[in-house]
Amino acid sequence: MKSTFTALFFFASLLASFGQNTCAEAVEVSTGMITVEGILGEEIPLPICAQNGAGASGGMWYLFTPESDAEITLTTSLPENTGIDTRVHIYTGECGDLVCTAGDDDSGTGFLAEVSWTGTEGTSYYIAFDDRWDDSGFIALLSTSEIPVTPEAPFNFNTVALPSWSRTLGIVDMNGDHLDDALDVSPTAVFMSLQSESGAFETVAVASEPATFPYVWSIAAGDLNADGYNDLLYGGGSGVSFMYRGEDGGDFTEWHTPDYVFSQRSNFIDLNNDGRLDAFVCHDVQPNVYYINNGVDLDFFQGGLSDVPDGGNYGSIWVDYDNDGLSDLFIAKCRGGASLANYNQLFKNNGDGTFTEVSEEAGLYDNVQTWSSAWGDFNNDGYMDVLVGASSFAQGGHKLMMNNGDGTFTDETEGSGFDNLSATGIEWVAYDFDNDGLIDVLGGSGRFMMNKGDGTFELFTFDGVTNGPVGDMNNDGFLDIGNQGNIHFNTGNDNNWIKINTVGVESNLNGIGARVEVHTPSGTQIRDVQSGVGFRFMHTLNVHFGLGEETVLDSLIIKWPTGNVDVHTNLEINTFHILTEGDAEEEEEIVHTDDLIKEGFLLYPNPTKDVLNFEFVTRPKAAAVAAVFDMQGRMVFQRPYADRLDVSALEAGFYLIRITDRETVVEKKFVKVP
């Protein structure tokens, strides 16, 4: 919807240089152009609502009160400000007791700021610019637009403040009980609000050695030494610190290399599939870096996974986009303009320790200015799709890219709802927030794009709820959100759910990189176990499935990074399961090769060149799935069951076909010939 300005291009009165030095002296402004003569005030905007931490020495303060409920946008991303670096914070409350509403550093063109929030009639919003990067004068544009009318949300939030906390950087298990906890850090301590099975919380501060490179840009969690307690990675402005949890959950000790890394998104992932977690960190101004776990500490490497000399690497996410059982890498890039550092990249995992850059052939090579992307199977066809979320509209808008199942993606943005989403943002994640069995997207500074199941998404917002780490903080099966010092508890609805924690044995202990499938009478859903999604925060390591009105779970299949496959057919819904690699139902519940003929199963021709035909005495149920695996146990592809399966695209060799429905699993080897 077009913005409607109360006084478009109204220039705020030129203000005396010291007229808005403090919050108490904030000058009232209207919509239109605001001239900021320079960052000259002595009061530093606090708390910090924008990205990139502390470091300001002064601020300039303004006050805006909308005359009606409205969507409010403030931007310095204007041609007149080229070459200037601005940062802005938006507050409600009273001076001395301000509460963050929104904020931004670099979402505009270059290093300029752009932020949107939903304003309430008669509420006064403090607008404070600081000199974190620059004290030059500039022009800002303040505008309002109508709030889209939306139907009643399928869920809501109840907000609870955490004791004495100013922020929530993570929602992830921190005491080894697999339940999600809230997390904040300082250079010398890790603060946790620990969840118990009763739903109560215990807030503790665990000491840590001083971090050589304190947290600035991102945080990741994973069990590096497989001792049952998650360790932490701090992505700093000039390096990376690894914080190892002490024995039996003791104090944290720091380990680092001296290498310069302008960190952005960080992840834990088993890069060489040796059962030990490694680490990957986006480098803003150089080729990316990664750390290989040697069982004692970590070996530093740079290059091979985006070698663009000037970097531009912001939001990395590891996801199996081609269903081969290997985690691939997508990098959201944000440099601006036509620089190669601004073109998104996709690296296919070859399974031998090497990666091939395939973004152009996949259809994902573009220069949308983005800090992160949200991956999920939005149409439940068994393949991961992606929403590339724009942080600025300078090089185009949000892009909804749907996976074709053949290594390519199709742009389905038009008509999806994302084409009309006017808000930008740096945090984009994909979760099922209403448990209807469809993955939604959270981004755009608190915009919930709810999946309607027909290729379209509907916008919802909730007062006071914006982006932050996602997890289940009260173990009720509905996903909650942390933000600043609050937990926004999802009040839920009547939809069913199941939640899984993966425990690796041959695979890494967290099971990071595993693919989890849920099969129900209405179809199949998939999730990947990931450490490090979105841009900044650490989200839950548990995988969560909404089941809607489904009351029957046919099977749950875990495909571990090692290639091991576990099939569970007797799992209770509406509860939390901790599932260990190899600890599935007894072998006799699966019909294996030697038993297939007596079960009335026939596969022909075998060997085959092009097509496999199937015959059953008793046909599989309508929800059956046919999957093909190579001899290393990696899934090559899967399709809804039909009497014929085209395998002409496979390379020559030996494979396994597995057909699964709600009652049984049958599998048989076959040979593909040239």
Side-chain angles (χ1 to χ4, degrees), residues 48 51 53 160-195 201-206 208 211 213-224 229-236 240-245 249 252 263-269 277 279-281 315-318 372 426-429 431 442 465-475 479-490 499 501 510 512 529-544:
I48 297 170
Q51 304 84 16
V160 175
L162 294 170
S164 304
W165 282 25
S166 62
R167 62 186 182 180
T168 307
L169 296 181
I171 294 182
V172 64
D173 173 34
M174 291 304 299
N175 63 345
D177 66 356
H178 307 285
L179 297 173
D180 288 325
D181 309 307
L183 169 69
D184 189 13
V185 302
S186 76
T188 58
V190 177
F191 307 99
M192 310 171 191
S193 192
L194 301 174
Q195 179 183 173
F201 292 90
E202 177 189 7
T203 300
V204 298
V206 179
S208 70
F213 303 108
Y215 160 84
V216 176
W217 290 98
S218 71
I219 189 168
D223 194 347
L224 281 168
Y229 291 91
N230 284 323
D231 310 299
L232 299 174
L233 183 163
Y234 298 167
V240 177
S241 281
F242 293 88
M243 311 303 296
Y244 282 84
R245 188 72 187 271
F252 287 83
S263 309
Q264 300 295 325
R265 175 74 264 177
S266 53
N267 320 91
F268 282 120
I269 184 73
L277 277 184
F280 176 88
V281 182
S316 51
I317 185 168
W318 292 85
S372 62
I426 66 172
E427 293 282 353
W428 300 88
V429 294
Y431 293 98
L442 170 60
V465 181
T466 185
N467 296 75
V470 175
D472 187 358
M473 283 293 292
N474 54 0
N475 203 30
L479 292 172
D480 313 308
I481 299 171
N483 179 255
Q484 303 299 332
N486 299 315
I487 298 295
H488 303 291
F489 285 96
N490 189 331
K499 189 172 63 172
N501 177 268
N510 298 111
I512 292 168
V529 183
Q530 298 163 307
S531 174
V533 301
F535 175 72
R536 176 182 299 275
F537 304 109
M538 180 61 209
H539 305 261
T540 182
L541 285 170
N542 297 326
V543 292
H544 160 271

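Positions are given from 1 along the sequence. Predicted, not measured: the structure shown is a model, and the values here were computed from it.
Here Ile481 contributes atom CD1 and Phe537 contributes atom CZ; the two are 10.5 Å apart, rounded to the nearest 0.5 Å. Note that CG of Leu162 and CE of Met473 are 6.5 Å apart. Values are rounded to the nearest 0.5 Å. Expressed to the nearest 0.5 Å, how far CZ of Phe201 lies from CG of Asn474 amounts to 6.5 Å. Taken to the nearest 0.5 Å, the NZ atom of Lys499 stands 3.5 Å off from the CG atom of Asp472. Between the OH atom of Tyr234 and the CD1 atom of Ile219 there is a distance of 5.5 Å, given to the nearest 0.5 Å. Separating the OG1 atom in Thr466 from the CG atom in Asn486 is a distance of 11.5 Å, to the nearest 0.5 Å.
In this structure, the side chains of Ile426 and Gln51 come closer than 4.5 Å at one or more pairs of heavy atoms. Looking only at side-chain heavy atoms (C-beta outward), Phe242 and Asp231 stay at 4.5 Å or farther from each other. Looking at heavy atoms from C-beta onward, Met192 lies out of side-chain contact with Asn175 at the 4.5 angstrom threshold. At a threshold of 4.5 Å between non-hydrogen side-chain atoms, the residues Asn230 and Asn510 count as touching. With contacts defined as side-chain heavy-atom distances shorter than 4.5 Å, the pair Val206/Arg245 qualifies. Inter-residue side-chain proximity for Ile171 and Leu183 is flagged as unmet; no heavy-atom pair is nearer than 4.5 Å. Residues Asp173 and Asp181 have side chains in contact (heavy-atom distance under 4.5 Å, counting atoms from C-beta outward). Counting only heavy atoms from C-beta outward, the side chains of Phe535 and Asn467 never approach each other to under 4.5 Å.
Between Ala220 and Ser531, the closest heavy-atom pair is CB-OG, 4.1 Å. The shortest non-hydrogen separation linking Ser208 to Ala189 is OG-N, 3.2 Å. Considering all non-hydrogen atoms of both residues, Ile487 and Gly482 come closest at CD1-CA, 3.9 Å. Residues Val281 and Ser266 approach most closely at CG2-CB, 4.1 Å, considering heavy atoms. When all heavy atoms are compared, the tightest approach of Phe191 to Ala205 is CD2-CB, 3.7 Å. Taking every heavy atom of both residues into account, Ala221 and Leu541 meet most closely at O-CD1, 4.1 Å.
Looking at Thr203, its side chain never comes within 3.5 Å of a backbone N or O of Ser193 through a donor-acceptor pair. Ser218 places no side-chain N or O within 3.5 Å of a backbone atom of Arg536 that could act as its donor or acceptor partner. At least one donor-acceptor pair under 3.5 Å links the side chain of Asn542 to the backbone N or O of His178. Proximity of a side-chain donor or acceptor of Asn267 to a complementary backbone N or O of Gly532 within less than 3.5 Å is detected. Although no hydrogens or angles enter the test, the distance criterion places a donor-acceptor pair under 3.5 Å between the side chain of Ser372 and the main chain of Trp428. Looking at Arg167, its side chain does come within 3.5 Å of a backbone N or O of Val185 through a donor-acceptor pair. Under a 3.5 Å cut-off, the side chain of Thr168 and the backbone N or O of Gln484 do form a donor-acceptor pair. Remark: the backbone N or O of Asp180 is paired with a side-chain donor or acceptor of Gln195 at under 3.5 angstrom.
A perpendicular orientation is assigned to the rings of Trp318 and Phe280, their planes being inclined by more than 60° (bins at 30° and 60°).
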_Run the side chain to side chain contact (heavy atoms under 4.5 Å, CB included) test on Val190 and Met243 for me, step by step, so that the C-alpha distance in whole Å, both residues' side-chain angles and the decisive distance to 0.1 Å come before the verdict._
CA-CA 10 Å; Val190 177; Met243 311 303 296; 5.8 Å; no
